[in-house]
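Below: one structure, written as structure tokens.
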Amino acid sequence: MVSFWKKNNETATAEWELDLDHIPEHVAIIMDGNGRWAQQRHLPRIAGHKEGMNTVKKVTKLASDLGIKVLTLYAFSTENWKRPETEVSYLMGLPIKFFDTFVPELIENNVRVEVIGYIDQLPSATRVAVENAIEQTKNNTGMVLNFALNYGGRAEIVTAVQEIATKVQNGTLPVEAITTDLVSQSMMTAKLGEYQDPDVVIRTSGEIRISNFLLWQVAYSEFVFLDTHWPDMDETSFKQALAEYQQRNRRFGGLKK
Ligand code: IPE
Ligand code: IPE
Ligand code: MG
């Protein structure tokens with residue numbers, strides 16, 4: 001149980017606690033700030049990515065222990081190829097390192113690995129590491145650890161539109177059958193079943209933008225922005241972010257319950 005203090009007014013303070021009975025089902029995280037974390041320590045940017053990988057392990061364990069159903073982690077965007085070759089190639093090696101050392105623990109914790117993104121475009125060793133991790137954990141029934149890898153929200157929507165248009169063109173799909181549900185089912189997140197849309201999107205590092213993450217799926221998600229750089233994300237800041245989510249009043253266009 002974690003608690004922290006929020007000033008209600010100048011005289012009174014109220015304690016906020018993480019309500020373990022209302023943990024969000026799908027938590028999505030934009031893991032940002034690795035480079036700045038390293039730069040502040042006069043280290044190369046890749047040192048931040050290395051430390052960020054350790055944070056992924058810690059947060060995965062925490063999320064699984066809290067009973068989160070799906071943890072989606074934005075690890076590499078379709079725009080991150082613009083970075084210097086050395087950084088990109090280090091990032092492409094990280095999933096290999098991560099799964100090499102962490103799959104036994106994932107199995108121990110009953111966590112199943114999934115991925116969204118254009119996996120075919122990854123270097124083959126990276127793709128194989130991801131595919132092996134999915135295969136090795138496929139029978140696990142606990143939390144889904146869903147990596148967004150070479151993922152972009154706009155590209156995902158374009159791919160879905162192409163698939164739908166192809167079916168219309170070849171006569172297997174009437175235009176009237178294109179519904180919100182059908183579009184959702186055409187997204188890469190369809191494999192997450194009832195948990196496709198994140199309840200909360202957390203972004204670290206102080207940037208307040210979406211950076212092409214889950215554009216369709218966040219229609220009614222809550223957003224929590226933290227100043228912490230991803231390698232500094234710890235149990236307290238993670239639980240505080242969830243507690244902040246629990247303070248929100250989700251209306252989905254309706255009226256307050
Ligand atoms: C997030 O950290 C990791 C990836 C985008 C791969 P950054 O590398 O973006 O770190 P900053 O934002 O430059 O500090
Ligand atoms: C978003 O972070 C992508 C990931 C965390 C993988 P970026 O660092 O790439 O986003 P921008 O460039 O600051 O918007
Ligand atoms: Mg960044």
Side-chain angles (χ1 to χ4, degrees), residues 26-60 63 70-99 102 113-123 125-127 129-130 133 144-158 187-189 192 198 200-218 221-234 237-238 241:
H26 183 175
V27 176
I29 308 184
I30 303 174
M31 309 183 288
D32 199 15
N34 292 351
R36 279 164 285 168
W37 180 92
Q39 277 157 355
Q40 285 171 355
R41 286 159 181 78
H42 308 286
L43 295 169
R45 290 179 54 84
I46 59 170
H49 297 313
K50 188 176 179 204
E51 194 57 32
M53 182 183 79
N54 294 327
T55 307
V56 170
K57 293 180 178 177
K58 283 183 233 161
V59 169
T60 297
V70 177
L71 178 68
T72 296
L73 299 177
Y74 201 8
F76 193 88
S77 77
T78 46
E79 286 74 44
N80 285 146
W81 298 104
K82 293 175 189 166
R83 296 188 181 196
E85 212 277 317
T86 47
E87 181 169 347
V88 169
S89 92
Y90 187 82
L91 288 168
M92 288 301 140
L94 273 184
I96 304 172
K97 268 202 195 81
F98 177 81
F99 291 123
F102 203 52
V113 174
E114 268 298 356
V115 71
I116 53 172
Y118 297 86
I119 293 308
D120 316 350
Q121 297 165 7
L122 299 177
T126 310
R127 182 176 47 75
V130 172
V144 173
L145 174 60
N146 180 39
F147 282 101
L149 203 51
N150 194 21
Y151 172 85
R154 285 187 166 181
E156 177 187 41
I157 292 169
V158 169
M187 294 292 162
M188 292 167 172
T189 43
L192 302 172
V200 56
V201 176
I202 299 169
R203 184 172 187 147
T204 57
S205 91
E207 307 297 352
I208 304 179
R209 57 174 169 265
I210 192 80
S211 300
N212 205 11
F213 190 44
L214 300 175
L215 298 180
W216 170 267
Q217 296 86 344
V218 297
S221 304
E222 297 295 328
F223 290 86
V224 176
F225 295 99
L226 304 175
D227 287 333
T228 316
H229 291 317
W230 176 249
D232 284 330
M233 180 88 161
D234 60 7
S237 40
F238 184 62

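For ligands, and for the atoms within them, numbers begin at 1 and follow the listed sequence.
Ring pair W81/F76 is perpendicular by interplanar angle, where above 60° counts as perpendicular and below 30° as parallel. Note: F98 and F102 have tilted aromatic rings, judged against thresholds of 30 and 60 degrees for the angle between ring planes.
Side-chain contact between I116 and L214: present, with at least one pair of heavy atoms (C-beta onward) separated by less than 4.5 Å. Taking 4.5 Å as the limit, some side-chain heavy atom of N212 sits within range of a side-chain heavy atom of Y74.
Using a 4.0 Å cutoff on heavy atoms, R45 counts as a contact of ligand 1.
Here the closest non-hydrogen pair linking F99 and A133 is CD2-CB, 3.4 Å. Here the closest non-hydrogen pair linking I46 and E87 is CG2-CA, 4.5 Å.
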Please tabulate protein-ligand N/O pairs under 3.5 Å for ligand 2, atom names and distances to 0.1 Å.
from, atom 1, to, atom 2, distance (Å)
ligand 2, 8 (O), D32, OD1, 3.2
ligand 2, 8 (O), R83, NH2, 3.2
ligand 2, 9 (O), N80, ND2, 2.9
ligand 2, 9 (O), R83, NH2, 3.3
ligand 2, 10 (O), R203, NH2, 3.3
ligand 2, 10 (O), S211, OG, 3.4
ligand 2, 13 (O), R209, NH2, 2.8
ligand 2, 14 (O), R209, NE, 2.8
ligand 2, 14 (O), S211, OG, 2.6

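For S211, the side-chain hydrogen bond (donor to acceptor under 3.5 Å, both in side chains) partners at least two apart in sequence or on another chain are R203. Remark: S237 engages D234 in a side-chain hydrogen bond (donor to acceptor under 3.5 Å, both in side chains) (not counting sequence neighbours).
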Problem set entry | Chi angles and distances behind the side chain to side chain contact (heavy atoms under 4.5 Å, CB included) call for W216, T189 | CA-CA 10 Å; W216 170 267; T189 43; 5.9 Å; no
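Of the candidates I202, V218, I208, F223 forms a side-chain contact (heavy atoms from CB on, under 4.5 Å) with just one, namely V218.
Distances below 4.0 Å separate heavy atoms of H49 from the following atoms of ligand 1: 3 (C), 8 (O).
By the criterion of a separation under 2.8 Å, the protein N/O/S atoms near the Mg ion (ligand 3) amount to D32 OD1.
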